[in-house]
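These numbers were taken from a predicted model, which means no experiment stands behind them. Order of the sequence lines fixes the chain letters, A, B, ..., with proteins taken first and strands second; residue numbering starts at 1 for each chain.
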Amino acid sequence: MLDIRLIRDNPDQVKQRLAGRSGDFASLVDEVLAIDTQRRAAETERQKLQSDRNRISKEIGIAKKNGQDTSAIEAEVRGIGSRIEEIGREADVADARQRDLLLSIPNLPHEACPVGSTAEENPEVRVWGVKPDFAFQPKDHTVLGAALGMLDFEAGVKITGSAFVVYRGAGARLERALISFLLDLHTTQHGYEEISPPLLVKPECLEGTGQLPKFGDQVYHSPEDNLYLIPTAEVPVTNLHRDEIVPLERLPIQYAAYTPCFRREAGSAGLGTRGLIRMHQFDKVELVKITTPETSMTELESLTANAEKVLQLLGLHYRVIELCTGDIGFGSAKTYDIEVWAPGQGTYLEVSSCSNFGDYQARRMNLRYKDENGKNRIPHTLNGSGTALARLFVALVETYQQADGSILIPEALRGHFGSAKIG
RNA sequence: GGAGAGGUGGCUGAGUGGUUGAAGGCACCUGACUCGAAAUCAGACGUUGUCGAAAGGCAACCGAGGGUUCGAAUCCCUCCCUCUCCGCCA
């Protein structure tokens with residue numbers, strides 16, 4: 001959430017930077033300003049009355065000790081009490097309303113974020129490798145997966161529903177190999193601590209990272225326990241430090257976590273995504289960083305490089321694009337997407353989205369750190385997929401398919417997979 | 001799920017309805033002593049909000065939320081969590 005002081009002091013600048021996003025937030029900013037004025041007036045009055053009451057109550061205590069009659073003065077304080085209750089209710093309502101409004105205003109795009117309105121205006125930052133040549137017509141992963149007994153979409157539908165899949169045999173093994181390959185890479189080469197978090201979280205966690213209150217319809221919810229299935233490991237992992245004051249020496253914090261991710265994808269059903277591209281449940285290794293404000297932008301570069309390393313080691317052609325102001329996520333200040341080439345699809349697939357959230361999430365989850373002067377400050381949070389597994393699976397089998405229908409396992413993965421070939 | 005005990009500041013640990021944001025201890029910080037360190041002594045040492053140009057003032061916070069009262073860490077109610085024992089279970 002944005003700092004109310006920033007909005008109060010520079011409302012026009014805030015509006016101008018929000019204007020780059022899709023959607024109109026100027027009126028929300030005005031509403032917050034109005035409620036803030038109202039809230040502070042009520043708060044000031046309440047505090048003054050409370051101060052009066054405290055003072056007089058103390059006098060009563062002293063008078064009673066001296067055996068004096070205090071009934072008149074008590075009646076007076078009773079009057080103050082009811083006014084405190086009245087004005088206090090007003091202040092509390094305004095406070096809650098202000099928080100609601102702040103929670104529904106997205107983050108300001110960073111100055112470095114390219115201006116644009118749609119995904120078409122996302123600039124390409126760099127390209128790695130080239131599209132592989134095939135002496136034959138490359139097949140789609142669903143065809144390959146069925147032929148080699150790796151993917152069973154019918155079984156997924158049977159036991160759960162559409163957009164769920166069963167990996168089996170070499171497919172299940174390949175998925176498992178990829179998970180350990182990614183975790184080993186990030187923990188031993190890139191300095192991340194491995195985390196295996198709960199997959200169910202409290203609503204406060206989703207509010208902290210920004211999924212609630214605005215995107216509640218995208219998350220699976222268990223009402224009996226008021227717990228949510230995580231849409232990404234970002235949620236439990238970033239919230240590890242919710243409500244904490246982290247000592248400066250601990251920064252930067254770097255976590256890598258493998259988890260399944262659960263997404264309702266409400267509103268996108270039947271969008272014509274085939275195979276593994278868009279599922280309600282998919283595996284992902286997520287990278288999370290908590291850094292000082294001064295270093296977050298360079299940390300975003302290294303986090304993105306860590307995710308790219310995965311594709312480089314697997315020999316998969318990819319490109320990196322930068323999201324423009326109209327396309328970045330709700331809480332993000334700056335985002336790179338990494339898109340891997342999938343020959344069977346004939347398109348690039350987003351396998352990673354690396355974002356710097358600035359202090360937006362940290363302020364929501366009341367996460368702070370002590371700076372060198374002992375002052376509490378708000379750190380920056382970052383995260384990126386390193387990488388999403390289902391689409392990586394797609395790119396891998398489609399890129400390494402052979403004329404005879406078999407799939408070559410890239411050198412770097414063979415140790416984890418246990419053989420050089422499927423089929 | 002049942003029974004009991006308990007949730008107080010970075011940690012530990014007192015707390016009687018009344019000048020308690022909260023004793024004491026530890027840790028950390030500053031200063032004195034010292035060539036330096038240790039020990040010792042002195043001081044400082046929570047968070048958020050609000051008013052203020054600032055200095056600083058004020059308010060709230062003792063697991064969470066309600067209630068009683070002129071006044072609640074302290075009394076009452078509801079909920080959450082932790083620990084011990086029992087039950088169940090991978």
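Listed by chain and number, the residues in a side-chain hydrogen bond (donor to acceptor under 3.5 Å, both in side chains) with A/Gln312 are A/Tyr318 (sequence neighbours excluded).
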**Request:** Would you sort out whether A/Leu229 and A/Val219 count as a side-chain contact (heavy atoms from CB on, under 4.5 Å), showing the intermediate values?
**Result:** CA-CA 7 Å; A/Leu229 273 170; A/Val219 205; 5.6 Å; no
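Between A/Arg40 atom CZ and B/C58 atom C1' there is a gap of 16 Å when expressed in whole angstrom units. Rounded to an integer number of Å, the gap from A/Arg99 CZ to B/G49 C1' is 14 Å. Separating the CG atom of A/Asp95 from the C1' atom of B/U50 is a distance of 12 Å, rounded to the nearest angstrom. Distance A/Arg250 CZ to B/G10 C1': 15 Å, rounded to the nearest Å. Rounding to whole angstrom units, CG of residue A/Asp225 and P of B/G1 are separated by 10 Å.
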Could you list all N or O pairs between the protein and nucleotides 46-48 of chain B that sit under 3.5 Å apart?
{"unit_1": "B/U47", "atom_1": "OP1", "unit_2": "A/Asn376", "atom_2": "ND2", "d": "3.4"}
{"unit_1": "B/U47", "atom_1": "O3'", "unit_2": "A/Arg368", "atom_2": "NH1", "d": "2.9"}
{"unit_1": "B/U48", "atom_1": "OP1", "unit_2": "A/Arg368", "atom_2": "NH1", "d": "3.1"}

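On the C1' atoms, B/G25 is 11 Å away from B/A14, given to the nearest whole Å. Nucleotides B/A39 and B/A27 place their P atoms 8 Å apart, quoted to the nearest Å. Going from the P atom of B/G9 to that of B/A5 covers 22 Å, rounded to whole Å. Using atom P as the reference point in both B/U84 and B/U74, the two lie 28 Å apart (nearest Å). B/G6 and B/G24: their P atoms are spaced 25 Å apart (whole Å). B/A44 and B/G31 have their P atoms separated by 15 Å, with the value rounded to a whole Å. For the P atoms, the distance linking B/C62 with B/C75 amounts to 14 Å, nearest Å. Rounded to the nearest Å, the gap between the C1' atom of B/C33 and that of B/G71 is 48 Å.
Looking at A/Arg55 and A/Asp52, a side-chain N of the basic residue comes within less than 4.0 Å of a carboxylate O on the acidic one, giving a salt bridge. Taking the charged nitrogens against the carboxylate oxygens, A/Asp359 and A/Arg377 have no contact shorter than 4.0 Å, which rules out a salt bridge. Between A/Glu86 and A/Arg89 there is no salt bridge, since none of the side-chain N atoms of the basic residue sits less than 4.0 Å from a carboxylate O of the acidic one. Using a cut-off of 4.0 Å between Lys/Arg side-chain N and Asp/Glu carboxylate O, A/Arg46 and A/Asp92 are scored as salt-bridged. Checked for salt-bridge contact, A/Lys284 and A/Glu286 meet the test: a charged N lies under 4.0 Å from a carboxylate O.
A/Arg83 comes within 4.0 angstrom of no nucleic acid atom, judged by non-hydrogen atoms across all strands.
A donor-acceptor pair shorter than 3.5 Å can be found between the side chains of A/Thr381 and A/Gln361. Looking only at atom types and distance, the side chain of A/Thr70 has a donor-acceptor partner in the side chain of A/Glu74 under 3.5 Å away. Using modelled atom types and a 3.5 Å distance limit, the side chains of A/Glu322 and A/Asn122 yield no donor-acceptor pair.
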Donor-acceptor pairs under 3.5 angstrom involving side-chain atoms of residues 189-201 of chain A: please list them, not counting sequence neighbours.
{"unit_1": "A/His190", "atom_1": "ND1", "unit_2": "A/His186", "atom_2": "ND1", "d": "3.1"}
{"unit_1": "A/Tyr192", "atom_1": "OH", "unit_2": "A/Asn306", "atom_2": "OD1", "d": "2.7"}

Could you give the side-chain donor-acceptor pairs of residues 207-214 of chain A under 3.5 Å, partners two or more places apart or in another chain?
{"unit_1": "A/Glu207", "atom_1": "OE2", "unit_2": "A/Arg99", "atom_2": "NH2", "d": "2.6"}
{"unit_1": "A/Thr209", "atom_1": "OG1", "unit_2": "A/Cys205", "atom_2": "O", "d": "3.1"}
{"unit_1": "A/Thr209", "atom_1": "OG1", "unit_2": "A/Gln211", "atom_2": "OE1", "d": "2.6"}

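Along RNA chain B, the nucleotide nearest to A/Ile62 and the one nearest to A/Ala41 differ in position, and the one closer to the 5' end is contacted by A/Ile62. Of the residues near RNA chain B, A/Glu43 and A/Asp52, the one whose nearest nucleotide (by heavy atom distance) lies more toward the 5' end is A/Glu43.
For RNA chain B, if you chain together Watson-Crick or G-U pairs that step i with j, i+1 with j-1 and so on, the runs of at least three with distances under 3.5 Å are B:1-7 with B:80-86, B:10-12 with B:24-26, B:29-32 with B:40-43, B:46-51 with B:56-61, B:63-67 with B:75-79.
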**Request:** Using a 4.0 Å heavy-atom cut-off, write out nucleotides 60-80 of chain B from 5' to 3' as B (base contacted by protein), S (sugar-phosphate only) or - (no contact).
**Result:** S---------BS---------
